[in-house]
Amino acid sequence: MHDDGYDHTTVERRWQAAWDDASVYRTPDDVSDPTYVLGMYPYPSGEMHMGHVRNYTITDAYARFRRMCGDDVLHPMGWDAFGLPAENAAKERDTNPRDWTVDCIDRMRDQMEAMGFGYDWKREVTTCRPRYYKWNQWLFRRFAEADLVERRDAEVNWCPSCETVLADEQVEGGESPEGSHEGGAVELCWRCDTPVTERELEQWFLKITEYADELRGDIDELAGWPDSVRQMQRNWIGRQEGSRVPFEVSAASGASDGRGEGAESREFGEVDAFTTRLDTIHGATFFALAPDHPVSERLAEENDAVHEFVRHEADPEGDEPNGIETGLTATNPVTGEGLPVFVADFVLSEVGTGALYGVPAHDDRDHAFAEKMGLDVEPVVAPDADADAPDAEETAYTEDGVVVNSGEYSGLTSAEARERLTETIDGADVETVYRLRDWGISRQRYWGTPIPVVHCDDCGPVLVPEAELPVELPEFKNVTGNPLDAAEEWKSTTCPDCGADAERETDTMDTFVDSSWYFLRYVSPELADAPFDVDRANGWMPVDQYVGGIEHAVMHLLYSRFFQKVLADHEGLQHREPFENLLAQGMVQLEGEKMSKSKGNVVSPQAIVEEYGADTARLFIMQAAQPERDFDWSEEGVRSAYAFLTRLKATVETFAAGDVGADPRRADGDVAAGTAAYVDGEIDAAVAVATEEYDDLTFNTALREARDLVGTLRAYREYTAVDPAVFERGLAVALKLLAPVAPHVCEELWETLGREGFLVEADWPDVTADRETAERRRLLVENTREDVREISDVAGIDDPERVDVVVTPDWKHEALRVALESDADNLVGELMGREDIQRHGEAAADYAKDLQAEREALRKTLPPAAEHETLRAAAWLIEREFDAEVRVLRAEEAPEDVATTAEPGRPAIDIQE
RNA sequence: GCGAGGGUAGCCAAGCCGGGAAACGGCGGCGGACUCAAGAUCCGCUCCUGUAGAGGUCCGAGGGUUCAAAUCCCUUCCCUCGCACCA
């Protein structure tokens, strides 16, 4: 416990146990459509860090808020429990990944419970348990049945010394020597520093590209997602609309430069190029192939120079466009012209078709290449119909325009030309290409879901039958390479099809497979015959509010969307998007820097909880900034939050002990009643504002409101003997507004107040106030107080005897109302035409002129009665501050010369020394 | 280069969508109350000028729209993030 604080540890333990006993976070299976609030489940490292605390405080606070609002809430938690770190830890510690992971999970669950996160632990999901990963395997089968699984060669990082595949994260070094254009980066195995090589292995893929179009298109519908994430997904999917155009490639017409080795077949047939600028095809002056294009590879086999280039010179990472002429010719399908064919490293096999035609006049990169190779530049697009073809010798003209020097197409706009050319060219067609690749899920690791496949010499790869799932992991063996490969007994099996001896697939699945559907498993975590209960999922999904780090903006969120769509198509899910609203929470930093172990600037949540308690940690984190913004951890801020909770506790306890703060001097009924009215209004205002802010997840502003309310209550009590009913209501409301964020201490104080039942299950206070009116009242009070201060300051009144606040006469309010509604040119005339105004003579004329002058800036104010009432109720604030008698007078009760300066929203003030 | 999000008083941070108050709140600093004192708590002040609520300047910079701009539009600079030899 902290000095000067409260015994947070006792309070927090006590209520955690009480809530647990009462199962307050349990979501029964029979609710129809709970509000589904979800934080991205963590990798169980064993230690919760501040990022977790922030993430899960956000979901917890929102879940608690919705629950108090009367919603059924689903707020589960689970563990992304497979993955490399466990395997490495097990190797280092000579244990096994399972025991290590289970231990970490237990530690982290304890830490979460200590934070007071309210989860339905009966729905806990742990991906490394067979009862979970069985469904990964089952889904793999279903994907295969839907023709969404493919096995093909893929390049992987390979360490020849460890004889294993390395994940990208396990490849280190990577610093390419400056100035080097060959060889690329030096990549080393993280374990043994052996240079990593690339190797082609047969890998399993999920065909996410089948859904590229829908994944891309539906981003527009994700209105509840941040733009940044949507944009990142768009970039990742990377749609390009263009045309595919076939070029005849051959070693025709003596174009060979003699480098060719032999005279074998020189026909390469049609090679498709992809372009988004078909309008520039008349300006094509070369044709280029990616180094790993099939044609390039064929050439490399027979041509030493090409071989040399492909194997050693090509540097796709470098800035320089490098290439080598092949001696081949590609025939421009429009002009019949022969173009020299290059193999060039700036052509990427994964973009388009891995082949392109170059138009130096209209593409910067082609221009650079042409310059280097001494190729022609032929401009064929002019900026507009009247312009000449641009001079593209120096720089390419890359805008659309009007096509020139293009035969029958000349004169068309770029867009028209593209359309016409696509129609006309034989074999050409519109095509949309995506950057998105199929998802390779094979991992040569132990600690993952075994891919449910058996390799049979006769039948090839065969899916393990559904009845034999799960394929469980064998005991862990601490070996070099993949432990599954070493598990001979496990590996050897029989073919499900023909019964012959066969071997199990030893690859496991990418852990992103696990996380692509875990949110569905929470719906029916125990279900034994399906991954999820479809009917219930249709009621409960989509996740209403998903919260997690921006680092998952692409992979996890994209894979999850993909799974959801596949399951919608094949398993009867109704919703095609899993996450309705997404919040990408910001980072908790220290002095502007990301907390990290290597920097040694990590603030441990456990230490904070110990010193200040979970409530303080949660309150500080939530009030520091909007949830999506980064913010700095601040010891000062933590102390301030702690001091606030301590004050709150003292305030409630004093009141509950029967001390209502009697001050005989001010206990007279009138002041007390007015003050109570003020406090009453502030309570309702706080509810109105905070509710709206909680709804918007802007906890920081909601909490400000709650803190202000507590401040008001304390000032009230300090000033006078409080109206117990009003004061208690204020405390109860403050506790409710704070309960989602600081649940333990609020629950404790709820009990101190003698309330029945749990605060966690209490009803959220009704919104009775109109926020706009409440804010207008606050403005009036604040402005009036400021005016009093300013007058006494400027006039040098140190110790005022009496302050008169004179409320504006009704007729001025009426005049303002008329002015706001009037569209007459002569406002003065209109106002003075009204008898009830005009009879106030000169004062009326003056005010009318003022209104006319400021006409455009006039704003609605509180009605006269409300103004008077508000000021009377707030009079105590002035009295308290200036220690002077305060009278709130109606205009007719005050001297004429004072009252006349009053205006709606701005009472006259007279200070007597 | 393309895209997204930011730049608000000493610091952090509201306000910007739906234009109208030198611009909420917190921290730090200053003054005061309470106290023997410190801490805690409470009341103010914290852009400049001003002996009755005023005037001036101000929200990265520069333009514009408007009776009126931190807020809308354009240009520009800086920061953060994502994508990028993408055909």
Side-chain angles (χ1 to χ4, degrees), chain A residues 3-4 226-236 238-240 242-243 273-278 280 288 290 315-322 344-348 350-359 363-366 368-369 398 433-435 550-551 553-554 584 592 623-626 628-632 634-637 639-641 643-644 646-647 650 698 700-701 703-705 707-708 711 714-715 718-719 775 778-779 782-797 853-859 877 880-883 898 901 905-911:
Chain A
D3 293 345
D4 303 318
D227 285 342
S228 57
V229 174
R230 294 202 286 175
Q231 191 59 34
M232 282 161 79
Q233 295 222 342
R234 281 192 201 100
N235 284 341
W236 188 261
R239 180 166 59 190
Q240 289 275 351
S243 307
F274 177 76
T275 179
T276 56
R277 290 299 305 274
L278 191 55
T280 64
D315 176 20
E317 313 284 304
D319 296 332
E320 278 279 293
N322 302 306
D345 61 4
F346 66 85
V347 184
L348 307 175
E350 59 271 21
V351 177
T353 57
L356 56 84
Y357 63 84
V359 186
D363 182 277
D364 290 325
R365 187 210 43 227
D366 292 351
F369 189 68
T398 57
V433 300
Y434 296 90
R435 202 183 81 99
I550 189 77
E551 66 273 20
V554 175
Q623 56 136 59
Q626 293 178 4
E628 50 278 293
R629 299 261 278 241
D630 296 343
F631 75 92
D632 263 17
S634 134
E635 188 65 27
E636 274 307 322
R639 273 196 228 116
S640 160
F644 168 73
T646 306
R647 284 199 299 276
T698 40
N700 56 330
T701 38
L703 292 168
R704 194 141 75 193
E705 204 58 42
R707 290 184 70 154
D708 285 351
R714 285 173 63 82
E718 192 137 317
Y719 175 73
E775 282 173 351
R778 287 176 172 179
L779 194 61
E782 205 33 63
N783 283 349
T784 304
R785 292 178 69 190
E786 256 168 40
D787 283 346
V788 175
R789 272 174 219 141
E790 197 164 335
I791 292 167
S792 47
D793 185 40
V794 173
I797 304 169
E854 289 177 76
R855 190 160 180 189
E856 307 286 351
L858 297 176
R859 272 188 298 166
L877 291 167
R880 179 186 64 143
E881 183 175 337
F882 293 91
D883 199 23
V898 175
T901 58
R906 191 163 184 269
I909 292 163
D910 185 45
I911 303 176

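Order of the sequence lines sets the chain letters (A, B, ...), proteins ahead of strands, with each chain counted from 1. Heavy-atom basis, side chains included; hydrogens, waters and symmetry copies ignored.
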Arg704(A) (side chain) and C24(B) (base): donor-acceptor pair under 3.5 Å: yes
Quick one: the side chain of Thr901(A) and the base of G53(B), do they pair up donor-acceptor inside 3.5 Å? yes
Counting heavy atoms from C-beta on, name the nucleotide in [options] closest to the side chain of [X].
X	options	result
Arg365(A)	C86(B), A14(B), G53(B)	C86(B)
Glu636(A)	C83(B), C85(B), C27(B)	C27(B)
Ala715(A)	G53(B), C43(B), A87(B)	C43(B)
Asp910(A)	A4(B), A87(B), A52(B)	A52(B)
Glu790(A)	G50(B), A13(B), A87(B)	G50(B)

Would you indicate what Val554(A) reaches in the nucleic acid, counting non-hydrogen atoms under 4.0 angstrom: base, sugar-phosphate, or nothing? nothing
Does [X] put a side-chain nitrogen or oxygen below 4.0 Å from OP1 or OP2 of [N]?
X	N	value
Arg230(A)	G3(B)	no
Gln626(A)	A14(B)	yes
Arg714(A)	C42(B)	yes
Asn783(A)	G53(B)	no
Arg647(A)	U41(B)	yes
Arg234(A)	G3(B)	no
Arg880(A)	C43(B)	yes
Arg639(A)	C27(B)	no

Paired with [N] by Watson-Crick or G-U wobble geometry, both distances under 3.5 Å: which nucleotide is it?
N	answer
A14(B)	none
C59(B)	none
C81(B)	G3(B)
A54(B)	U49(B)
A23(B)	none
U41(B)	A33(B)

Looking at every heavy atom in both Asp366(A) and Gly358(A), which two are closest together, and how far apart are they? OD2-CA, 3.3 Å
Taking all heavy atoms of Ala290(A) and all of Leu348(A), pick out the closest pair and write down the distance. CB-C, 3.9 Å
Distance, rounded to the nearest Å, where [X] contributes [atom1] and [N] contributes [atom2]:
X	N	atom1	atom2	answer
Arg629(A)	G15(B)	CZ	C1'	11 Å
Asp632(A)	A13(B)	CG	P	8 Å
Phe644(A)	G25(B)	CZ	P	16 Å
Glu628(A)	A14(B)	CD	C1'	13 Å
Arg239(A)	C83(B)	CZ	C1'	16 Å
Leu348(A)	C83(B)	CG	P	16 Å
Ile550(A)	G3(B)	CD1	C1'	14 Å
Gln623(A)	G26(B)	CD	P	10 Å

Of Ile911(A) and Ala624(A), the one whose closest nucleotide on RNA chain B sits nearer the 5' end is Ala624(A)
Thr353(A) or Thr698(A): which one's nearest nucleotide on RNA chain B is closer to the 5' end? Thr698(A)
Say we look at [N] and [M]: how far apart would their [atom1] atoms be, to the nearest angstrom?
N	M	atom1	result
C58(B)	U49(B)	C1'	15 Å
C78(B)	A68(B)	P	32 Å
G20(B)	A37(B)	P	49 Å
C2(B)	C17(B)	C1'	26 Å

Distance in Å, Asp363(A) CG paired with Thr280(A) OG1, rounded so as to fall on 0.5 Å steps: 8.0 Å
Would you give the length of the straight line joining atom CD1 of Ile909(A) to atom CD of Glu790(A), rounded to the nearest 0.5 angstrom? 9.5 Å
Could you tell me if Arg234(A) and Gln231(A) have a donor-acceptor pair between their side chains, going purely by distance under 3.5 Å? yes
Is there side-chain contact between Arg789(A) and Phe882(A), with heavy atoms separated by less than 4.5 Å? yes
Are any side-chain N or O atoms of Ser640(A) and backbone N or O atoms of Glu636(A), one a donor and one an acceptor, separated by less than 3.5 Å? no
Charged tip of Arg365(A) within 45° of Phe346(A) ring normal and under 6.0 Å: no
